[in-house]
Amino acid sequence: GTRIIYDRKFLLECRSSPLAR
Amino acid sequence: AKKKVCVSPKYNATIAVPGVGEHPLQYNYSFWYSRRTPGRPASTQSYESNIKQIGSFASVEQFWRFYSHMIRPGDLTGHSDFHLFKEGIKPMWEDDANKLGGKWIIRLRKGLASRCWENLILAMLGEQFMVGGEICGAVVSVRFQEDIISIWNKTASDQATITRIRDTLRRVLNLPPNTIMEYKTHTDSIK
């Protein structure tokens, strides 16, 4: 099936989202 | 007649779900922390009672909410470990998901643990290992003279999976070329 893949750069970008605080 | 409502421990358990607008992960994970009391024997029972679950998450954003508030492994003192395992898998050899498995172990000189741990868990959460459901979790162990990171998988006899995990580790951790990597089955560790 489909797998949810994220690279390091994308994961680090999500860190600054208001949802991550 | 009165009906008795039974709450099974299974349904009573809290399962993490992604919030609105968050990026779901392929799997849910739980953070655990353990610290060995000096001088105590490391029996299975004392190991289990020393290990504390910090919490579970289902999305990238929920992960950062935990991680950003956690102390970095390089700043831990004493004999401590962080464990990040798929939700429902205990970070113990005895867990059904682990008992036929093993782990890649990388010993790190002091000063590298925080960066390597972050790169390792980001690769795991982002499904960079490409080994289906084989990954169980990862551990960073802070020790006196060196630190150790490890990644655990389900099937120690699956050579293709083990090779792929090793190659991905080399790529994502960006380790010095002389770094020694060792694979240990959990049955060997028990001995």
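What you see is a predicted model; the values in this text were computed from it and never measured. The sequence lines fix the lettering, A, B, ..., with proteins before strands; numbering per chain opens at 1.
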Rounded to the nearest 0.5 Å, how far does NE2 of H23(B) lie from CZ of F10(A)?
3.5 Å

Atom CD of E22(B) and atom OG of S17(A): how far apart are they, to the nearest 0.5 Å?
8.0 Å

Just wondering, do W64(B) and L19(A) contact through their side chains at under 4.5 Å, heavy atoms?
no

Kindly say whether I4(A) contributes a backbone atom to a donor-acceptor pair with the side chain of E127(B) at under 3.5 angstrom?
no

For residues A20(A) and R65(B), report the shortest heavy-atom separation together with the two atoms involved.
O-CG, 3.1 Å

Should L112(B) and L175(B) be regarded as members of a common hydrophobic cluster, given that ILVMFWY residues are connected when their side-chain heavy atoms come within less than 4.5 Å of each other, either directly or indirectly?
yes

Within one Ile-Leu-Val-Met-Phe-Trp-Tyr cluster: L125(B) and V131(B), side-chain cutoff 4.5 Å
yes

Please flag which part of V172(B) lies under 4.5 Å from any non-hydrogen atom of chain A: side chain, backbone, both or neither.
neither

Near K86(B) NZ, under 6.0 Å, is it more than 12 heavy atoms from other residues, nucleotides or ligands?
yes

Distance-only, no hydrogens or angles: does the R3(A) side chain make a donor-acceptor pair with backbone N or O of G132(B) under 3.5 Å?
yes

Do you know which of T2(A), L11(A), D7(A) has the most heavy-atom pairs with chain B at a distance under 4.5 angstrom?
L11(A)

Please check if Y27(B) and V17(B) belong to a single hydrophobic cluster, counting links between Ile, Leu, Val, Met, Phe, Trp and Tyr side chain heavy atoms closer than 4.5 Å.
no

Kindly indicate whether the side chain of Y6(A), heavy atoms from C-beta on, has any atom under 4.5 Å from the side chain of V60(B).
yes

Against chain A, label Q62(B) side chain, backbone, both or neither, depending on which of its atoms sit under 4.5 Å from a heavy atom there.
neither

Who wins among G19(B), S68(B), P24(B) for the most heavy-atom pairs under 4.5 Å with chain A?
P24(B)

Does R164(B) have more than 12 heavy atoms from other residues, nucleotides or ligands lying within 6.0 Å of its CZ?
no

Evaluate the side-chain proximity of I5(A) to Q128(B): yes if any heavy-atom separation is below 4.5 Å, no if none is.
yes

Using a cut-off of 6.0 Å, state whether more than 12 heavy atoms not belonging to R171(B) lie near its atom CZ.
yes

Between R15(A) and Y67(B), is there a side-chain heavy-atom distance shorter than 4.5 Å?
yes

Test of understanding: clusters of I, L, V, M, F, W, Y form through side-chain heavy atoms closer than 4.5 Å, transitively. Do Y33(B) and W117(B) belong to the same one?
yes

Under 4.5 Å between side-chain heavy atoms, hopping through other hydrophobics if needed: is there a path connecting W152(B) to L108(B)?
no

Which answer fits R21(A), side chain, backbone, both or neither, if we ask what part of it has an atom under 4.5 Å from a heavy atom of chain B?
backbone

